[in-house]
There are 8 protein chains.
Amino acid sequence: MGSDSDLNKMSEAAQILDELGIENEVLVLSAHRTPEETTDFAQNAKKRGLKVIIAGAGGAAALPGTIAALTTLPVIGVPIKSKSLEGLDSLLSITQMPPGVPVATVGIDSAQNAGLLAAIIIGAQDLKVDKKVEDYKKSLQQKVIKKNKQLVKVGWAKYIKEVSGK
Amino acid sequence: MGSDSDLNKMSEAAQILDELGIENEVLVLSAHRTPEETTDFAQNAKKRGLKVIIAGAGGAAALPGTIAALTTLPVIGVPIKSKSLEGLDSLLSITQMPPGVPVATVGIDSAQNAGLLAAIIIGAQDLKVDKKVEDYKKSLQQKVIKKNKQLVKVGWAKYIKEVSGK
Amino acid sequence: MGSDSDLNKMSEAAQILDELGIENEVLVLSAHRTPEETTDFAQNAKKRGLKVIIAGAGGAAALPGTIAALTTLPVIGVPIKSKSLEGLDSLLSITQMPPGVPVATVGIDSAQNAGLLAAIIIGAQDLKVDKKVEDYKKSLQQKVIKKNKQLVKVGWAKYIKEVSGK
Amino acid sequence: MGSDSDLNKMSEAAQILDELGIENEVLVLSAHRTPEETTDFAQNAKKRGLKVIIAGAGGAAALPGTIAALTTLPVIGVPIKSKSLEGLDSLLSITQMPPGVPVATVGIDSAQNAGLLAAIIIGAQDLKVDKKVEDYKKSLQQKVIKKNKQLVKVGWAKYIKEVSGK
Amino acid sequence: MGSDSDLNKMSEAAQILDELGIENEVLVLSAHRTPEETTDFAQNAKKRGLKVIIAGAGGAAALPGTIAALTTLPVIGVPIKSKSLEGLDSLLSITQMPPGVPVATVGIDSAQNAGLLAAIIIGAQDLKVDKKVEDYKKSLQQKVIKKNKQLVKVGWAKYIKEVSGK
Amino acid sequence: MGSDSDLNKMSEAAQILDELGIENEVLVLSAHRTPEETTDFAQNAKKRGLKVIIAGAGGAAALPGTIAALTTLPVIGVPIKSKSLEGLDSLLSITQMPPGVPVATVGIDSAQNAGLLAAIIIGAQDLKVDKKVEDYKKSLQQKVIKKNKQLVKVGWAKYIKEVSGK
Amino acid sequence: MGSDSDLNKMSEAAQILDELGIENEVLVLSAHRTPEETTDFAQNAKKRGLKVIIAGAGGAAALPGTIAALTTLPVIGVPIKSKSLEGLDSLLSITQMPPGVPVATVGIDSAQNAGLLAAIIIGAQDLKVDKKVEDYKKSLQQKVIKKNKQLVKVGWAKYIKEVSGK
Amino acid sequence: MGSDSDLNKMSEAAQILDELGIENEVLVLSAHRTPEETTDFAQNAKKRGLKVIIAGAGGAAALPGTIAALTTLPVIGVPIKSKSLEGLDSLLSITQMPPGVPVATVGIDSAQNAGLLAAIIIGAQDLKVDKKVEDYKKSLQQKVIKKNKQLVKVGWAKYIKEVSGK
C-alpha cells in the first residue's frame with residue numbers, strides 16, 4: 001500500500017488471505033515517496049516467488065500502475081477512498097490504464113475483494129486454494145440464506161431489533 | 001459480451017489472445033436478455049476447461065458480476081462506453097461489487113488490456129504464455145523508444161507531418 | 001433487498017405498504033451471493049401471486065435488473081446509498097438497463113416511494129388500494145398546508161424553535 | 001413529452017406499445033411552457049381512462065414529477081439526453097423525487113423501455129397484454145441466442161463483416 | 001420553500017431581507033405535494049404586489065421552475081443540498097431550464113445570496129434599497145479588510161487561536 | 001462575454017432583448033486577459049445607466065463573479081459549454097459564489113434565457129417591458145399548443161416527417 | 001486566501017515554508033469581497049519582491065486566476081474543499097483557466113504541497129532552498145522506509161495497535 | 001508526453017516556448033510502457049541543466065507524478081482529454097498528489113498554458129524571459145481589446161459574419 005494510513009483498510013486483504021491459508025506479506029511502498037524501493041520491489045517480485053500483487057492507493061493513485069509497468073505478475077488495484085471526491089479520483093487513477101499495462105481493479109475500499117481475487121487467481125494453479133475459495137463463497141451464500149430465513153421467521157421489525165441489539 | 005454491438009470493441013481482446021497464442025471463444029450472452037444461457041455458461045465454464053472469463057458490457061453492466069457470482073474462475077470486466085454518461089455507468093456497475101464477488105475491472109473500452117490481463121493470469125501457470133507476455137510488453141516498450149528516437153531526430157513539427165502523412 | 005444491512009432503509013417500503021393495507025413479504029436475496037435463490041424467487045414470483053417486486057441494492061446494484069430479466073412482473077428498483085460515491089453507482093447500475101428489461105427506478109434511498117409506487121401500480125386493478133393512495137397523497141398535502149399555516153401564523157423564527165423543540 | 005424535439009426518441013415508446021397492441025396517444029405538454037395544459041391533462045387522465053402515463057423530458061426535467069403530483073396513475077419518466085452534461089441533469093431531475101410522489105424512472109433516452117414498462121404494468125390486469133410482453137421478451141432472448149449461434153459458427157472476424165455489410 | 005426541513009437554511013434569505021429593511025413572507029409550498037397551492041401562489045404573486053420570489057428546494061427540485069412557469073416575476077432558485085449526491089441533483093434541476101422560463105439560480109444552500117440578489121433586483125427600482133445593498137457589500141469588504149489587518153498584525157498561528165478561542 | 005468565440009451563443013441574449021425592444025450592448029471583456037477593462041466596465045456600469053449585466057464565460061468562468069464583485073447591478077451568469085467536462089466547470093465556477101456576491105445563473109449555454117431574465121428584471125420597473133415578456137411567454141405557450149394540436153391531428157409518424165421535411 | 005475560514009488548511013503552506021527557511025506572508029484577500037485590495041496586491045507583488053504567490057479558495061474559486069491575470073509571478077492555486085460537491089467546484093474553478101493565464105494547481109486542500117511547490121520554484125534560483133527541498137523529500141522517503149521496516153518487523157496486526165495506541 | 005498521439009496537443013507547449021525564445025526538447029516517455037527510460041530521464045534532468053519539466057498524459061495519467069517523485073525540478077502536468085470521461089480521469093490522476101510530491105497542474109488539454117507557466121517560472125530567474133512573458137500577456141490583452149473595439153464598431157451580427165468569413 002502507498003501509505004500506512006491505508007493499513008486499516010488494506011489489512012482486510014491480508015485477513016482473507018490468511019483465512020484461505022495463502023501466505024502473504026504486507027508492505028508500505030509509495031510510488032511517489034519511495035520510487036526506488038517500489039521499482040526494486042516490482043522488478044524482483046517474480047523472482048522472489050510472489051504470485052499476485054495487491055496494490056492499494058488513494059488520490060492520484062499511481063502505485064498499482066507503476067508496479068504493473070515493471071512486472072508480468074497480475075496486479076490487483078484497490079482504490080482507497082480519499083478525503084475529497086469520494087474515491088472517484090482513486091478509482092479513475094487505477095482503472096484507466098493505457099494499452100499494454102492492465103491493472104485488475106476492484107471497488108473503492110474493497111481490499112477484501114482484492115484478497116479474494118488474488119486467491120481466485122492462485123486457485124487456478126492450486127486446487128486446494130480453489131477448493132477453499134469455493135467453500136468461502138458457499139459460506140457467504142449460507143450466511144445470506146440463514147439471514148433470510150431468520151428475517152422471514154421473525155419479521156423485519158423484530159429482525160431490526162435483534163440486529164441492532166447485538 | 002452482452003450485445004453484438006460491443007463486438008467491434010471486444011474483438012480486441014480476442015486479437016491479443018490470438019497474438020499471444022491463447023485459445024479463446026467469443027460469445028454473446030446477456031445477463032438481462034438471456035439469463036438462463038448466461039447462468040449455464042457460468043456454471044459450466046470451469047468444467048469445460050476455461051481458465052479466465054472476460055465479460056464486457058455497457059450501461060447497467062451486470063454481466064461480469066452475474067458470471068462472477070456463479071464461478072470461481074477469475075472474471076475480468078470491461079466497461080463499454082455507453083451512449084450517454086461517457087461510460088461512467090458501465091465502470092461503476094462493474095467495479096463496485098459487494099464483498100465475496102470480485103470482478104477484475106479494466107478501463108473503459110479497454111478490451112485489449114482485458115485480453116492481456118487474461119494472458120498474465122494464465123501465464124502464472126504456463127511459462128510459455130508468461131514468456132510471450134514479457135515479449136509483448138518489451139515490444140511495446142521498443143515501439144515507444146523508437147518513436148521517441150525518431151521524434152528527437154526529426155523534431156516535432158516534421159514528426160507530426162510524418163505521422164499524419166501515413 | 002441484497003443485504004440485511006439495507007433493511008433499515010428498505011423497511012420503509014414495507015411500512016407504507018402495511019399502512020395502505022397491502023400484503024407484502026420482506027426477503028434478503030443477493031444477485032451476487034445467492035444467485036440461485038434469486039433466480040428461483042424471480043421465476044416463481046408470478047405463480048406465487050406476487051403483483052409487484054421492489055428490489056433495493058447498493059454499489060454495483062444488479063438485483064433489480066437480475067429479477068426483471070426473469071419475470072414479467074413490474075420491478076421497482078431502489079438505489080441504496082453506498083459507502084462511497086454518494087449512491088451514484090447504485091443509481092446508474094439500476095436505471096441504465098438495456099432495451100427489453102426495464103426497471104422502474106425511484107430516487108436514492110427512496111424505499112418509501114418504492115412502496116407507494118407499488119401501491120399505485122396495484123391500485124390500477126384494485127379500487128380500494130387506489131382510494132387509499134389518493135387519501136395518502138391528500139394527507140401529505142394537508143400536512144404541508146398545515147405546516148404552512150402554522151409557519152405563516154407564528155413566523156419562521158418561532159416555527160424553527162417549535163420544530164427543534166419537539 | 002416536453003418538446004417536439006424529443007419526438008424522435010419518445011416515438012420508440014409509441015412503437016413498442018403499438019407492437020404490443022396497446023392503444024396510446026402522443027402529446028407535447030411542457031411543465032414549464034404550457035403549465036395549465038399539463039395540469040388539465042394530469043388531473044383528467046384517470047377519468048379519461050388512461051392507465052399509465054409516460055413522460056419524457058430533458059434538462060431540468062420537471063414534466064414527470066409535475067404530472068405525478070396531480071394523479072394517482074403510475075407515471076413513467078424518461079430522462080432525455082440534453083445538449084450538455086450527457087443527460088445526468090435529466091436523470092437526476094426525474095429520479096430524485098420527494099416522499100409521496102414517486103416517478104418510475106427508466107434509463108437515459110430509454111423510451112422503448114418506458115413503453116415496455118407501461119405494458120408490464122397494464123399486463124398485471126390484462127392477461128392478453130401480459131402474454132404479449134412474455135412473447136416479446138422471448139423474442140429478444142431468441143434474437144440474442146441466434147446472434148450467438150451465428151457468431152460461434154462463423155467466428156468474430158467474419159461476423160463483424162456480415163453485420164457491417166448489412 | 002418546498003419543505004419545512006429546509007427552513008433552517010432558507011431563513012437566511014429572510015434574515016438578510018429583514019436586515020436590509022425589505023418586507024418578506026416565508027411559506028412552505030411543494031411543487032409535488034401541494035401543486036394547487038403552488039399554482040395559486042404563483043398566479044397571484046404579481047397581483048398581490050410581490051416583487052421577487054425566492055424558491056428553495058432539494059433533489060428533483062421543481063419548485064423554482066414551476067413558479068417561474070406561471071409568473072413573469074423574477075424567480076430566484078436556491079438548490080438545497082440533498083441527502084445524497086451533495087446537492088448536484090438540486091443544482092441541475094434548478095439551473096437547466098428550457099428556453100422561455102429562466103430561473104436565477106444561486107449556489108447550493110446559498111439562501112443568503114438569494115436574499116441579497118432579491119434586494120439587488122428590488123434596488124434597481126428603489127434607491128433606498130440600492131443604498132442599503134451598497135452599504136452591506138461595503139461592510140463585508142470592511143470585515144475582510146479588518147480580518148486581514150488582524151492576521152498580519154498577530155500572525156497566523158496566534159490568529160487561529162484567537163478565532164478558535166471565540 | 002469573455003471571448004469572441006462565445007459570440008455565436010451569447011448573441012441569442014442580444015436577439016431576445018432586441019425582440020423585446022430593450023436596448024443593449026455586446027462587449028468582449030475577459031476577467032483574465034483584460035482585467036483592467038473589466039474592472040472599469042463593472043465600476044462604471046451603473047453610472048452609465050445600465051440596468052442589468054449579462055456575463056457569459058466558459059471553463060474557470062470568473063467573469064460574472066468578477067463583475068458582480070464591483071457593482072450592485074444584477075449580474076446574470078451564462079455558463080458556456082467548454083471543450084471538455086460538458087460545461088460542468090463553467091456552471092460550478094459561476095453558481096458557487098461566496099456570501100455577499102450573488103450571480104443569477106441560468107443553464108449551460110442558455111443565453112436566450114439570460115436575455116429573458118434581464119427583461120423580466122427590467123420589467124419589474126417598466127410596465128411596457130413586463131407586457132412584452134408576458135406576450136412572449138404566451139407566444140411560446142401558443143407554439144407548444146399548436147404543435148400539440150398538429151401532432152394529435154396527423155399522428156407522430158407523419159409529424160416527424162413534416163418536421164424533418166422542413 | 002479568500003477567507004479566514006480557510007486559514008486552518010492554508011497555514012500548512014506557511015508551515016512548510018517556515019520549515020524550509022523561506023520567508024512568507026499570510027493574507028486574507030477575496031477576489032469577490034475585496035476586489036480592489038486583491039488587485040492592488042497582485043499588481044504590486046512583483047515590485048515588493050515576492051517570488052511566488054499561493055492562492056487558496058473554495059467554491060467559485062476566482063482568487064488564483066484573478067491574481068494570475070494581474071502579475072507575471074508564478075501563481076499556485078489551492079482548491080479548498082467546499083461545503084458541498086466535495087471540492088470539485090473549487091478544483092475546476094482553479095484549473096480550467098483560459099490560454100494566457102495559467103495557474104499551477106495542486107490537489108484539493110493540498111496547501112502543504114502548494115508550499116513545497118513554491119519552494120521548488122524558488123529553489124530553481126536558490127541552491128540553498130533547492131538543497132533543503134531535496135533533504136525534505138529524502139526525509140519523507142526515509143519515513144516511509146522506516147514505517148515499512150517496522151511493519152515488516154512486527155506484522156500488520158501489531159502495527160495497527162502501535163499506531164492507534166499513539 | 002506519454003504517447004505520440006498526444007503530440008498534436010502537447011506541441012502547443014513547444015510552440016509558445018519557441019515563441020518566447022526558450023530552448024526546449026520534446027520527448028515521448030511513458031510511465032507505464034517505458035518506466036526505466038522515464039526514471040533515467042527524471043533522475044538526470046537536473047544534471048542535464050533542464051529548468052522545468054512539462055509532462056502531459058491522459059487516462060490514469062501517472063507520468064507527471066512519476067517524474068515529480070524523482071526530481072526537485074518543477075513539474076507541470078497537462079491532463080490530456082481521454083476517449084471517455086471528458087478528461088476528468090486525467091485531471092484527477094495528475095492533481096490529487098500525496099503530500100511531498102506536488103505537480104503544478106494546468107487545465108485539460110492546456111499545453112499552451114503549460115508552456116507559458118514554464119516560461120513564468122524560468123522568468124523568475126531570467127529578466128529577459130520575464131519581459132517576454134509580460135509582452136506576450138500584453139499582446140493577448142491587446143487582441144481582446146481590439147476585438148472588442150471591432151465588435152462595438154460593426155455590431156455583433158456583422159462581426160459574426162466577418163469572423164466566420166475568415
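Order of the sequence lines fixes the chain letters, A, B, ..., with proteins taken first and strands second; residue numbering starts at 1 for each chain.
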Tabulate, in ascending numerical order, the residues of residues 99-113 of chain A having at least one heavy atom closer than 4.5 Å to a heavy atom of chain B, or enter 'none'.
A:Pro99, A:Gly100, A:Val101, A:Pro102, A:Val103, A:Ala104, A:Thr105, A:Val106, A:Gly107, A:Ile108, A:Ser110, A:Gln112, A:Asn113
Between A:Ile122, A:Ile76, A:Leu91, which shows the greatest number of heavy-atom pairs under 4.5 Å with chain B?
A:Leu91
Steps toward side chain to side chain contact (heavy atoms under 4.5 Å, CB included) verdict (B:Leu73, A:Ile120):
CA-CA 7 Å; B:Leu73 287 177; A:Ile120 287 170; 5.9 Å; no
If you count heavy-atom pairs under 4.5 Å between each of B:Lys51, B:Glu134, B:Glu12 and chain A, which one has the most?
B:Glu134
Using atom types as modelled and distance alone, determine if a side-chain donor or acceptor of A:Lys137 lies under 3.5 Å from a backbone N or O of B:Thr71.
yes
Please flag which part of B:Ile94 lies under 4.5 Å from any non-hydrogen atom of chain A: side chain, backbone, both or neither.
neither
Shorter than 4.5 Å, heavy atoms on both sides: which option in B:Ala114, B:Gly115, B:Pro98 has the most such pairs with chain A?
B:Pro98
Among the listed options A:Val75, A:Leu140, A:Asp130, the residue most often paired with chain B at heavy-atom distances under 4.5 Å
A:Asp130
Chain A heavy atoms under 4.5 Å from B:Ala68: which part of the residue, side chain, backbone, both or neither?
backbone
Do other residues, nucleotides or ligands put more than 12 heavy atoms under 6.0 Å from the NZ atom of A:Lys46?
yes
From the list B:Asp126, B:Ile16, B:Leu117, the residue making the most non-hydrogen contacts under 4.5 Å with chain A is B:Leu117
So does B:Ala124 get a backbone contact from the side chain of A:Gln125, meaning a donor-acceptor N/O pair under 3.5 Å?
yes
With a 4.5 angstrom heavy-atom cut-off, could you sort out which part of A:Ala119 is near chain B: side chain, backbone, both or neither?
neither
